[in-house]
Asker: 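I am attaching a structure below and will ask some questions about it afterwards.
Please read all numbers here as calculations on a predicted model, not as lab measurements.
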Amino acid sequence: MKALLILYFTRFFKWDDNLSTAIYHTFVALCYLTPILGALIADSWLGKFSTIVSLSIVYTIGQAVTAVSSIHDLSDFDHDGTPNNLPLHVALCMIGLGLIALGTGGIKPCVSAFGGDQFEEGQEKQRNRFFSIFYLAINAGSLLSTIITPILRVQECGIHSKQACYPLAFGVPAALMAVALIVFIAGSSMYTKYQPQGNIMGEVAKCIGFAIKNRFRHRSKEFPKREHWLDWAQEKYDERLISQIKMVTKVMFLYIPLPMFWALFDQQGSRWTLQATTMNGKIGLLDIQPDQMQTVNAILIVVMVPIVDAVVYPLIAKCGFNFTPLKKMTVGMFLASMSFVVAAFVQLEIDKTLPVFPEGNQVQIKVLNIGSNNMTIYFPGETVHVGQISATNEFRTFDLDKLTSINISSPGSPVTPVTPDFQQGHRHTLLVWGPNDYRVIKDGLNQKPEKGQNGIRFVNAFGGSFNVTVDGVLYEDVTSYNASKYQFFSYGTKNITLSSLEIPGGCNNSFKSFDFGFGSAYTYVITRSGRCPKLDAFEDIAPNTVNMALQIPQYFLMTCGEVVFSVTGLEFSYSQAPSNMKSVLQAGWLLTVAVGNIIVLIVAGAGQIKEQWAEYILFASLLLVVCVIFAIMARLYTYINPAEIEAQFDQDEKKKKPESIYAEIDSASQTLQTKM
């Protein structure tokens with residue numbers, strides 16, 4: 001459902017890019033903060049299986065509530081296609097997303113750990129293979145969703161007015177989640193289930209607190225130092241628990257630099273999707289939606305995981321290189337950093353194609369001749385000739401203070417001055433249709449149409465008044481020699497219907513537009529062909545020309561980084577965790593994702609970097625620095641086998657038991673002799 005969430009915010013709620021990005025990453029961060037709660041419930045109370053089942057129900061309900069929030073007819077009381085009570089939809093959406101975040105918190109740390117529990121000691125190779133297949137399965141689902149949900153979204157549905165079908169796009173994942181839960185429960189009898197071992201996190205917190213307090217009490221030099229700061233808990237807590245906490249804190253310390261990777265990774269669903277909206281989605285015979293570009297990541301994951309697992313790693317091993325898990329993760333961070341460098345270069349190419357809009361005291365003017373005379377327009381220092389039913393090729397930029405006079409004329413007619421009616425910082429169209437006839441129109445477009453949509457407006461040069469319908473969207477009362485406002489449409493051909501009392505009987509009033517691309521704007525002029533109306537199109541903003549295929553290299557680098565970083569991180573977190581804290585350490589791993597999304601909020605929100613390419617370079621540089629720090633930390637890390645350490649404690653306890661029994665017998669016999 002994340003595949004369409006950012007577009008749902010911007011198109012249904014009409015939020016701007018920055019607010020949408022902030023809410024998106026807040027939601028993602030929440031999804032990766034709640035696993036701490038899920039891990040506590042699993043390891044201390046319900047166990048992994050019951051936690052997955054119970055919180056999956058919460059997840060499904062949340063998905064259903066989110067689907068309901070997107071039904072525009074819910075509050076569209078006047079049936080105009082716009083919700084009358086948008087705060088109601090926002091509130092329902094936030095409740096739904098909150099339930100999803102809570103539900104996914106119970107699933108994320110438990111599913112991977114529960115899968116790892118199905119393997120016994122000595123099955124490390126099979127367990128590693130499981131984590132790869134597990135990650136492959138997740139991304140196979142992601143691949144299907146990023147293809148199918150945008151297709152569902154662009155379907156039109158509604159009771160009173162037809163709009164993008166967000167209820168279907170959110171509702172189908174809710175139904176599939178319910179089916180998945182039933183399938184999971186059906187296999188209950190086949191699973192190995194470990195019972196929770198009490199409030200382990202409470203014990204951990206108390207032990208750490210006691211160690212810190214005890215160390216503070218004995219801070220003077222007269223007390224000998226201990227090997228580890230947690231050893232100061234030995235007076236109250238047993239060696240096994242202290243050793244287990246040492247394992248966890250050692251790995252948690254290693255996690256500190258990791259959020260920076262996720263700060264970049266999760267921008268695929270926000271900044272990279274928004275980047276795609278400024279690009280051309282025609283790739284060969286395919287028309288790609290901006291939110292469908294994320295399928296590249298899922299496709300590459302499905303392809304790369306088996307290749308890396310079965311080919312790349314064995315080849316590296318044969319070359320004699322010890323490619324440890326932490327080395328793999330370091331390489332993954334480097335590749336992710338390079339993906340953002342590539343994204344910056346793509347952004348620079350996009351910026352070259354973007355039109356120049358007026359700034360400050362500037363105005364831009366385009367002349368559109370909708371009359372039957374050739375017209376001459378006299379700008380300060382420039383004369384422009386415009387033929388019948390034609391326009392200047394581009395907008396001309398002027399400083400408003402220096403735009404002292406504009407005059408128009410046609411052959412054999414006197415010069416007519418244009419009364420200045422220009423607003424600084426805006427584009428304007430100067431409509432002319434006779435030596436003394438003109439109108440200044442403020443275009444209202446100061447940027448490329450958002451989300452890759454296309455702006456369409458109509459100018460009536462036919463006479464009378466027209467109602468125009470474009471694919472069900474109405475332009476009402478376009479008066480003679482005047483222009484409508486722009487309305488926005490997705491790519492593809494559009495059906496245009498003209499309605500007016502001025503159209504003689506027997507004339508065609510239905511037309512088909514040309515095939516719109518992405519991010520363009522056009523003016524359609526309604527003119528005469530004999531007695532009947534016809535349409536002439538003029539380009540105001542050129543469509544996007546940089547192809548979305550240019551994003552593939554950055555997705556490839558990010559995916560390669562993800563394969564060697566994320567899959568390895570899951571297995572590393574499980575393998576280095578003590579038996580009673582598997583879910584907790586998985587939650588710690590997921591917590592790094594939450595912190596990564598918070599970093600995005602801080603950098604993107606507080607930084608206020610105007611140039612998008614510069615923001616990409618900033619993130620790449622930050623991750624590169626973090627990558628070097630992590631490489632140093634990884635070199636100093638010593639791998640452990642928690643199972644062996646715990647087995648040693650078990651043996652020690654068995655040895656102590658006979659001694660304690662003999663001691664009790666000896667004590668009892670001494671007591672008996674005393675009584676006698």
Asker: According to the interplanar angle, ranging from 0 to 90°, do the rings of F13 and W15 count as parallel (below 30°), tilted (30 to 60°) or perpendicular (above 60°)?
Answerer: tilted

Asker: Taking the side chain as everything from C-beta on, heavy atoms only, tell me whether I350 gets closer than 4.5 Å to Q612.
Answerer: no

Asker: So F170 and Y8, ring-ring contact (aromatic ring centres under 6.0 Å, His included) or not? Walk me through it.
Answerer: CA-CA 10 Å; F170 285 126; Y8 176 54; 5.0 Å; yes

Asker: ring-ring contact (aromatic ring centres under 6.0 Å, His included) between F516 and F489: does it pass, once the steps are laid out?
Answerer: CA-CA 9 Å; F516 287 102; F489 302 86; 7.8 Å; no

Asker: May I ask you to decide whether R457 forms a salt bridge with D540, counting only side-chain N to carboxylate O separations under 4.0 Å?
Answerer: yes

Asker: Examine the side chains of Q551 and Q275 and answer whether a donor and an acceptor come within less than 3.5 Å of each other.
Answerer: yes

Asker: Side chains of I503 and F466: closer than 4.5 Å at any heavy-atom pair?
Answerer: yes

Asker: I'd like to know if the side chain of D443 pairs up with that of T429 as donor and acceptor (distance under 3.5 Å, no hydrogens or angles considered).
Answerer: yes

Asker: Applying side chain to side chain donor-acceptor pair (under 3.5 Å), name anything that partners T416, two or more places apart in sequence or on another chain.
Answerer: N436

Asker: Do V363 and P358 come within less than 4.5 Å of each other through their side chains, counting heavy atoms only?
Answerer: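 In short, these two side chains do not touch, never coming nearer than 4.5 Å.
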
Asker: Do I365 and I406 come close enough that some side-chain heavy atom pair is under 4.5 Å?
Answerer: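 I365 vs I406: side chains touch.
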
Asker: Going by atom types alone, do T559 and N297 pair a side-chain donor with an acceptor below 3.5 Å?
Answerer: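 There is such a pair between these side chains.
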
Asker: How about Y481 and D437: do any of their side-chain heavy atoms sit closer than 4.5 Å?
Answerer: no

Asker: Checking side-chain polar atoms at under 3.5 Å, does T397 have a donor or acceptor matched by the opposite partner on Q364?
Answerer: yes

Asker: Less than 3.5 Å apart, any donor N or O on the side chain of T376 or H385 sitting next to an acceptor on the other?
Answerer: yes

Asker: I'd like to check I100 versus F27 (side-chain heavy atoms, cut-off strictly below 4.5 Å). Are they in contact?
Answerer: yes

Asker: What do you reckon, are the aromatic ring centroids of F511 and Y524 less than 6.0 Å apart?
Answerer: no

Asker: Throw together a table of side-chain donor-acceptor distances under 3.5 angstrom for residues 529-538, partners on residues two or more places apart or in other chains.
Answerer:
unit_1	atom_1	unit_2	atom_2	d
D536	OD2	T527	OG1	3.1

